[in-house]
Peer 1: 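Pasting in a structure now, in structure tokens, and then I'll have a few things to ask.
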Amino acid sequence: MVDLKEKLVADFRSREAAMNGEAQSPLHQTRQKALARFEELGFPTPRNEEWKYSNVRNLTNQDFDFGGTHAITVEDIEKFKIPNLSGNILYFINGKYEAGLSTIVSPASQVSIRPLREALATQPELVSTYFGNLADTQDEAFTALNAAFAGDGVFIHVPKGKVVEESIVLYFINDARSANVGAQPRNLFVIEQNAQVQLTETFLTLGESSAFTNAVTEIHVAQDAHVQYYKVQNDSDATYHVGTTEVRMADNSHFYAATVSLNGGFIRNNLNIALDGEHCDAHMYGLYFPDGKQHIDNHTVADHRKPNSESNELYKGVLRGQSTGVFNGKIFVREDAQKTNAFQSCKNVVLSPQATMNTKPQLEIWADDVKCSHGTTTGQLDDEALFYLRSRGISKPEAMSLLMFAFCEDVITQIKIEPIRAYLEEIIAKKLA
Amino acid sequence: MLKIKDLHASIEGKEILRGINLQVNPGEVHAIMGPNGSGKSTLASVLAGREEYEISGGSVDFDGKDLLDLAPEERAAEGIFLAFQYPVEIPGVTTINFLKTAVNEMRKYRGEDPLDAAQFLRMVREKAKLVKMNDSLLKRSLNEGFSGGEKKRNEIFQMAVLEPKLAILDETDSGLDIDALRIVAEGVNSLRSPEKATIVVTHYQRLLDYIVPDFVHVLYKGRIVKSGTKELAMELEEKGYDWIKAEVELV
């Protein structure tokens with residue numbers, strides 16, 4: 001049996017030894033600190049309240065090849081890519097950016113899209129202003145681990161007042177067809193004042209071997225900026241995905257997130273939004289379909305730090321087989337954040353007696369003039385609705401799939417990029433058939 | 001068409017139908033009346049195949065088929081339609097999409113080809129006009145946010161689209177004002193034909209002013225205790241149900 005922690009620490013040392021000068025850079029010093037913290041923290045266990053229902057033991061005794069070679073061809077990509085999707089499309093395979101497969105169509109005046117490593121070398125001042133500001137390497141072992149290896153991933157910068165007309169789609173692909181593979185993408189999105197952009201992160205795994213993705217994305221949303229952020233997960237049953245997205249919003253900014261987990265053996269998504277400005281609105285939508293022995297965990301935070309902002313959250317899940325789901329939604333309303341509106345809802349349909357859903361809304365409110373509401377439901381399909389459809393000649397399986405699709409529809413319609421919506425609808429319809 | 005013999009049905013161990021006998025022939029309209037709790041809606045639900053009810057005895061023959069052996073969707077495809085007392089709201093499923101699925105699932109059951117989009121739309125528009133259903137409701141989620149009258153009209157509209165042999169209207173008059181009642185009744189009447197039959201389940205006589213029955217049956221404590229023609233309904237309207245209860249208790 002392998003001890004993944006020991007193996008990663010050893011990996012770090014050998015990479016460091018092979019560095020040519022970079023070991024002295026400020027970035028590498030942050031890496032060293034992050035590694036030291038990761039060594040102290042270790043991988044979380046269920047004794048940690050935040051990881052109570054998500055046990056990573058089976059991950060931490062496996063070996064993974066990080067940043068290894070792959071055999072992805074253009075033909076492979078044709079098979080799994082989202083059809084009819086145009087725009088800026090970037091491929092990262094087993095963590096590494098593949099320039100030859102990627103297409104950047106937006107003019108540099110609208111947006112700068114660069115592999116993080118390149119941006120660190122060419123725009124060090126700009127990157128270092130934002131890099132690592134939001135990610136919590138102190139308490140989050142996975143984030144510390146990601147920071148220790150930071151290098152792969154992308155830096156996206158939308159200058160003040162620019163509207164990025166073509167959407168930006170990032171594919172993170174694990175090629176696990178011949179060996180266990182690992183990747184730790186690190187993304188930094190800086191959206192300046194009054195700028196607008198649509199960002200999509202897509203995670204896919206090919207092959208039957210184990211794969212481990214530990215992704216961290218930081219998103220800075222400046223005043224009056226408008227950001228749509230979609231995360232689509234269609235991994236294999238042998239994939240472990242831990243992904244953390246940290247968002248900070250300034251005054252009058254708008255942020256829409258939709259996280260759709262179609263497939264994956266073990267998924268833990270952390271979406272943490274700091275509403276650090278007045279008159280902001282943050283929207284979080286989620287949809288997940290665990291089946292078999294899959295485990296999907298969504299942890300979200302809406303941290304209201306300033307007055308007059310609004311957060312609105314809707315997560316929905318359909319659980320089958322012996323799968324487990326977790327939803328933990330935190331809403332913080334700080335003392336200054338008067339006139340906050342915060343809404344949270346998590347609705348689940350559990351179709352099998354062996355499937356389990358754990359939901360935990362957590363509200364901490366220090367201000368006195370706020371409107372907050374939360375609710376979670378977990379149940380079966382409505383028998384009365386099912387009978388109504390069947391009494392009109394619709395067979396039971398067809399009626400169930402109609403009802404489940406309808407259940408998912410109010411999240412799917414939040415995706416404003418038509419080809420992505422069509423792709424999701426097609427996969428979801430097949431899953432629910 | 002429909003032959004119910006000594007039908008017994010219970011729910012959660014409580015017997016609600018205690019020996020129903022009823023024959024309905026093509027072209028006929030039967031009214032089932034009775035006081036609250038007599039089993040009227042249970043009879044409608046059992047015929048449509050609601051699974052909560054347990055059949056503890058008797059038989060139901062529908063055009064030579066054992067109805068009690070069929071799933072709700074098979075009964076629908078065989079030509080049974082239940083207009084619900086409380087139509088269900090289904091967010092996210094549009095009326096039009098729902099009806100298209102229903103029509104084509106039934107056609108599949110009967111071994112017919114599915115209707116294409118153009119044929120289907122033409123048919124639906126025609127039927128909507130027939131029951132004075134506003135086209136805009138078709139694109140909305142099924143019954144979601146519909147008024148009571150709109151929901152009942154939607155039931156009759158679905159009936160027009162699905163063209164059942166036997167329509168069962170379960171308290172279709174409840175919660176309707178007189179104008180809505182008239183529109184719904186006109187819809188039902190326009191769908192009457194010598195091949196089709198209707199069972200009207202109602203507490204009050206007023207619907208029967210508009211949908212005139214050939215036979216009226218009074219259900220009480222799970223049995224049909226009196227049958228007659230439309231005059232019986234008038235008599236019930238005038239005298240209430242107490243005299244019937246008294247008659248039954250005497251026997």
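These figures come from a predicted structure and were not determined experimentally. Numbers restart at 1 for each chain; the letters A, B, ... are given by sequence-line order, proteins then strands.
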Peer 1: Determine the option with the most heavy-atom pairs under 4.5 angstrom with chain A, choosing from Leu162(B), Ile80(B), Leu82(B).
Peer 2: Leu82(B)
Peer 1: Would Glu74(B) and Arg390(A) count as a side chain to side chain contact (heavy atoms under 4.5 Å, CB included) if you check the C-alpha gap in whole Å, the side-chain angles of each, and the deciding distance to 0.1 Å?
Peer 2: CA-CA 8 Å; Glu74(B) 293 171 322; Arg390(A) 293 178 74 191; over 6 Å; no
Peer 1: Could you walk me through whether Arg392(A) and Glu155(B) pass salt bridge (charged side-chain N to carboxylate O under 4.0 Å, His left out), step by step?
Peer 2: CA-CA 10 Å; Arg392(A) 299 303 183 247; Glu155(B) 294 293 288; 2.7 Å; yes
Peer 1: Is atom NZ of Lys339(A) surrounded by more than 12 heavy atoms (other residues, nucleotides or ligands) closer than 6.0 Å?
Peer 2: no
Peer 1: Could you state the interatomic distance from OG1 (Thr101(B)) to CG (Leu402(A)), rounded to the nearest 0.5 Å?
Peer 2: 5.0 Å
Peer 1: Are Leu389(A) and Ile90(B) close enough that some pair of their side-chain heavy atoms sits under 4.5 Å apart?
Peer 2: yes
Peer 1: Taking CD in Glu418(A) as the centre, count heavy atoms belonging to other residues, nucleotides or ligands within less than 6.0 Å. Is the count above 12?
Peer 2: yes
Peer 1: Measuring heavy-atom distances to chain A, does Pro87(B) have an atom under 4.5 Å in its side chain, in its backbone, in both, or in neither?
Peer 2: both
Peer 1: Can you confirm whether more than 12 heavy atoms, excluding those of Lys316(A), are under 6.0 Å from its NZ atom?
Peer 2: yes
Peer 1: Please determine whether salt bridge (charged side-chain N to carboxylate O under 4.0 Å, His left out) holds for the pair Glu398(A) and Lys108(B), giving the CA-CA distance in whole Å, both sets of side-chain angles, and the decisive distance to 0.1 Å.
Peer 2: CA-CA 13 Å; Glu398(A) 183 70 25; Lys108(B) 191 166 85 187; over 6 Å; no
Peer 1: To the nearest 0.5 Å, tell me how far Ile394(A) CD1 sits from Glu105(B) CD.
Peer 2: 6.5 Å
Peer 1: Looking only at heavy atoms, what is the nearest atom pair of Gly92(B) and Ala406(A), with distance?
Peer 2: C-CB, 3.6 Å
Peer 1: Does atom NZ of Lys293(A) have more than 12 heavy-atom neighbours, drawn from other residues, nucleotides or ligands, at distances under 6.0 Å?
Peer 2: no
Peer 1: Side chain, backbone, both or neither: which part of Arg75(B) has a heavy atom under 4.5 Å from chain A?
Peer 2: neither
Peer 1: For the CD atom of Gln158(B) and the OG atom of Ser391(A), what is their distance to the nearest 0.5 Å?
Peer 2: 8.0 Å
Peer 1: Is the Phe84(B) ring parallel, tilted or perpendicular to the Phe387(A) ring (thresholds 30°, 60°)?
Peer 2: tilted
Peer 1: Between Ser395(A), Cys408(A), Ala385(A), who has the most heavy-atom pairs with chain B when the cutoff is under 4.5 Å?
Peer 2: Ser395(A)
Peer 1: Considering non-hydrogen atoms only, spot the tightest contact between Gly393(A) and Ala76(B) and give its length.
Peer 2: N-CB, 3.3 Å
Peer 1: Which region of Leu99(B), side chain (C-beta onward) or backbone (N, CA, C, O), has a non-hydrogen atom less than 4.5 Å from a non-hydrogen atom of chain A, or is it both or neither?
Peer 2: neither
Peer 1: Using non-hydrogen atoms only, which part of Tyr109(B) is less than 4.5 Å away from chain A: side chain, backbone, both, or neither?
Peer 2: neither
Peer 1: Side chain, backbone, both or neither: which part of Asn97(B) has an atom under 4.5 Å from a heavy atom of chain A?
Peer 2: side chain
Peer 1: Can you tell me how far the OH atom of Tyr388(A) sits from the CG atom of Asn143(B), to the nearest 0.5 Å?
Peer 2: 4.5 Å
Peer 1: Tell me, for Glu384(A) versus chain B, whether the close heavy atoms (under 4.5 Å) come from the side chain, the backbone, both or neither.
Peer 2: both
Peer 1: Is atom OH of Tyr53(B) surrounded by more than 12 heavy atoms (other residues, nucleotides or ligands) closer than 6.0 Å?
Peer 2: yes
